[in-house]
Novice: 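Sharing a structure below in structure tokens format, with a few things to ask.
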Amino acid sequence: MRMRNKKNLVPRMEKCAAVQVFEPAALRGSWASLRPGCAEVRAEMGCGKGQFTAGVAHRDPNVLLVAIEKVPNAMVTAMERAMAEGIENVRFIDADVATLRDIFAPGEVSAIYINFPDPWPRKKEQKHRLTAPSFLAMYWDILPVGGRIEYKTDQAWLFEWSLEQFAYMGYELREITRDLHRDGVTGIMTNYEERFHAEGVPICRCVAVKTEDRPATPVPVKEKKPAPEVPEA
């Protein structure tokens, strides 16, 4: 079912124009110019209501964070948060992740955040998962050597599947945990993450690093484990 637009969505978004980029392709290769003294550019795939976005922006003021969200109802809340908190190092884009190569130049983004993406549980939907090989190839192209993807999900089966995809595409896996907050809250939480943690749901997290300067092609593996069976929804 299509989500209804929030009341007064358009005027609310217009009030937040200062933190939204309407023609992101025009900034391809020059995103750092939006933030004087910018040390690096990072991107968030699906910012939701912006709790994580704001947390990272406050923690790392010398970074420009580009938050990508294709659901205006969620993005307007995130933009309003940024405006209310006086955050100057975040820009929001109403776009599809599939257009990343048009938005960022090769090696322009030092880190990519993927937090609790839609799991697309049916096998025939695998290509839509944000950790599917086609997406990982796009991330590879816009990351420099040493660039990283920070990935979190509450779906254990999706996490195991994603670990296989990261390895298949040649990323080096680090900081793998299947219960991130077991010994206490670690890092900045999203809205969803706070709720899952309160309910006792383990949070899975890993960091995938681009360690080679080569085309985004799959890396042969000697023994490929079968993907976990996922029941049809």
Novice: Could you measure the distance from the CD atom of E88 to the CE atom of M83? Nearest 0.5 Å is fine.
Specialist: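 Nearest 0.5 Å value for the CD-CE distance: 10.5 Å.
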
Novice: Measure up the W120 and H128 rings against each other and bin them: parallel (under 30°), tilted (30 to 60°), perpendicular (over 60°).
Specialist: tilted

Novice: Less than 4.5 Å apart, any side-chain heavy atom of N191 and any of F116?
Specialist: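 They are not in side-chain contact.
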
Novice: Nearest 0.5 Å, what's the CE-CG distance between M13 and D94?
Specialist: 5.5 Å

Novice: Restricting to side chain to side chain contact (heavy atoms under 4.5 Å, CB included), what partner residues turn up for P133, sequence neighbours left out?
Specialist: Q165, Y168, M169

Novice: Taking the side chain as everything from C-beta on, heavy atoms only, tell me whether T153 gets closer than 4.5 Å to T131.
Specialist: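 They are not in side-chain contact.
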
Novice: Flag yes if more than 12 heavy atoms outside E23 fall under 6.0 Å of its CD atom; otherwise flag no.
Specialist: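 Not buried by this count: 12 neighbours or fewer within 6.0 Å.
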
Novice: Has the side chain of K210 got a donor or acceptor atom that lies under 3.5 Å from a matching backbone atom of G147?
Specialist: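 Between the backbone of G147 and the side chain of K210 there is no qualifying donor-acceptor contact (under 3.5 Å).
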
Novice: Once salt bridge (Lys or Arg N to Asp or Glu O under 4.0 Å) is applied, what residue pairs with a partner in residues 200-209 remain, sequence neighbours excluded?
Specialist: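 Output for this query lists E150-R205, E175-R205.
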
Novice: In the single-linkage hydrophobic clustering (I, L, V, M, F, W, Y; side-chain heavy atoms under 4.5 Å), do L130 and I203 co-cluster?
Specialist: no

Novice: Is the shortest heavy-atom distance from the side chain of R28 to the side chain of P106 under 4.5 Å?
Specialist: yes

Novice: For D154, what residues pass the salt bridge (Lys or Arg N to Asp or Glu O under 4.0 Å) criterion, not counting sequence neighbours?
Specialist: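 By the salt bridge (Lys or Arg N to Asp or Glu O under 4.0 Å) rule, D154 matches no residue at all.
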
Novice: Is any side-chain heavy atom of Q51 closer than 4.5 Å to a side-chain heavy atom of R81?
Specialist: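 Yes, side chains in contact.
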
Novice: Would V201 and L180 show up in the same hydrophobic cluster when neighbours are defined by side-chain heavy atoms closer than 4.5 Å?
Specialist: yes

Novice: Might you work through the side chain to side chain contact (heavy atoms under 4.5 Å, CB included) test for I103 and W31, ending with a clear yes or no?
Specialist: CA-CA 9 Å; I103 296 171; W31 280 96; 3.7 Å; yes

Novice: Go through it in stages, so that I can follow the logic: the residues are Y192 and H197, the test is side chain to side chain contact (heavy atoms under 4.5 Å, CB included), and I'd like the CA-CA distance, side-chain angles, deciding distance and then a yes or no.
Specialist: CA-CA 9 Å; Y192 283 119; H197 179 58; over 6 Å; no

Novice: Given N115 and E44, is the side chain to side chain contact (heavy atoms under 4.5 Å, CB included) satisfied, shown in steps?
Specialist: CA-CA 8 Å; N115 295 316; E44 183 181 5; 4.0 Å; yes

Novice: Would you name the heavy atoms of V219 and G170 that are closest together and state the gap between them?
Specialist: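 The pair with the smallest heavy-atom distance is CG2-CA, 3.4 Å.
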
Novice: K15 vs E80, test: salt bridge (charged side-chain N to carboxylate O under 4.0 Å, His left out). Steps then yes/no.
Specialist: CA-CA 8 Å; K15 290 180 180 179; E80 288 173 339; over 6 Å; no

Novice: Hey, quick one: are I112 and L27 part of the same hydrophobic cluster, counting side-chain heavy atoms closer than 4.5 Å, chains of contacts allowed?
Specialist: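 Looking at the clustering, L27 is in the same group as I112.
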
Novice: Using a 4.5 Å cut-off on heavy atoms from C-beta on, say whether the side chain of P119 contacts that of R129.
Specialist: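 They are not in side-chain contact.
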
Novice: Considering all heavy atoms of both residues, which atom of A78 and which atom of C47 are nearest to each other, and what is their separation?
Specialist: CB-SG, 4.1 Å

Novice: Listing request: all salt bridge (Lys or Arg N to Asp or Glu O under 4.0 Å) pairs with a residue in residues 180-198, at least two apart in sequence or in separate chains.
Specialist: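 Found K152-E193.
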
Novice: Side-chain contact test, heavy atoms from C-beta onward, threshold under 4.5 Å: evaluate it for M45 versus Y139 and give yes or no.
Specialist: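 Of all side-chain heavy-atom pairs linking Y139 with M45, at least one is under 4.5 Å.
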
Novice: Can you find a heavy atom in the side chain of V66 that is under 4.5 Å from one in the side chain of F104?
Specialist: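 SC-SC contact between V66 and F104 confirmed.
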
Novice: Is there a continuous path of hydrophobic side-chain contacts, each under 4.5 Å between heavy atoms, that joins L173 to W161?
Specialist: yes

Novice: When hydrophobic residues are tied together by side-chain contacts of less than 4.5 Å, even through go-betweens, does V21 share a cluster with V41?
Specialist: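 Both belong to a single hydrophobic cluster.
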
Novice: Between atom CG of N89 and atom NE2 of H58, what is the distance when rounded to the nearest 0.5 Å?
Specialist: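 Reported value, rounded in 0.5 Å steps: 8.5 Å.
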
Novice: Does E69 use its side chain to pair, donor to acceptor, with the backbone of G48 at less than 3.5 Å?
Specialist: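 Yes, because the side chain of E69 sits within donor-acceptor range (under 3.5 Å) of the backbone of G48.
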
Novice: Measure from the side-chain N and O atoms of S110 to the backbone N and O of E108, and report whether any donor-acceptor pair falls under 3.5 Å.
Specialist: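 No, the answer is negative, given that no donor and acceptor are paired below the 3.5 Å cut-off.
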
Novice: To check you understand the geometry: which heavy-atom pair defines the closest contact between A26 and S30, and what is its length?
Specialist: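 Closest pair (atom of A26, atom of S30, distance): O-OG, 4.5 Å.
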
Novice: Locate the shortest heavy-atom distance separating V90 from A57; write the atom from each residue and the value.
Specialist: CG2-CB, 3.4 Å

Novice: If you round to the nearest 0.5 Å, how far is CG of L65 from CZ of R42?
Specialist: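 The CG atom of L65 is 8.0 Å from CZ of R42, to the nearest 0.5 Å.
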
Novice: Are there more than 12 heavy atoms of other residues, nucleotides or ligands under 6.0 Å from atom CZ of F196?
Specialist: yes

Novice: ring-ring contact (aromatic ring centres under 6.0 Å, His included) with F159: which residues, sequence neighbours excluded?
Specialist: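 Checked F159 against ring-ring contact (aromatic ring centres under 6.0 Å, His included); zero matches.
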
Novice: Using 0.5 Å steps for rounding, measure from the OG1 atom of T77 to the CZ atom of R12.
Specialist: 5.5 Å

Novice: Between SG of C206 and CD1 of I114, what distance do you get to the nearest 0.5 Å?
Specialist: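 Atom-to-atom, C206:SG and I114:CD1 are 9.0 Å apart.
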
Novice: List for me each residue that meets ring-ring contact (aromatic ring centres under 6.0 Å, His included) alongside F166, sequence neighbours excluded, and say none if there are none.
Specialist: Y151, Y171

Novice: Could you check whether any side-chain heavy atom of I68 comes within less than 4.5 Å of a side-chain heavy atom of T99, counting everything from C-beta outward?
Specialist: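 Result no, sub-4.5 Å side-chain heavy-atom pair not found.
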
Novice: Is there a donor-acceptor pair under 3.5 Å between the side chain of D213 and the backbone N or O of V145?
Specialist: no

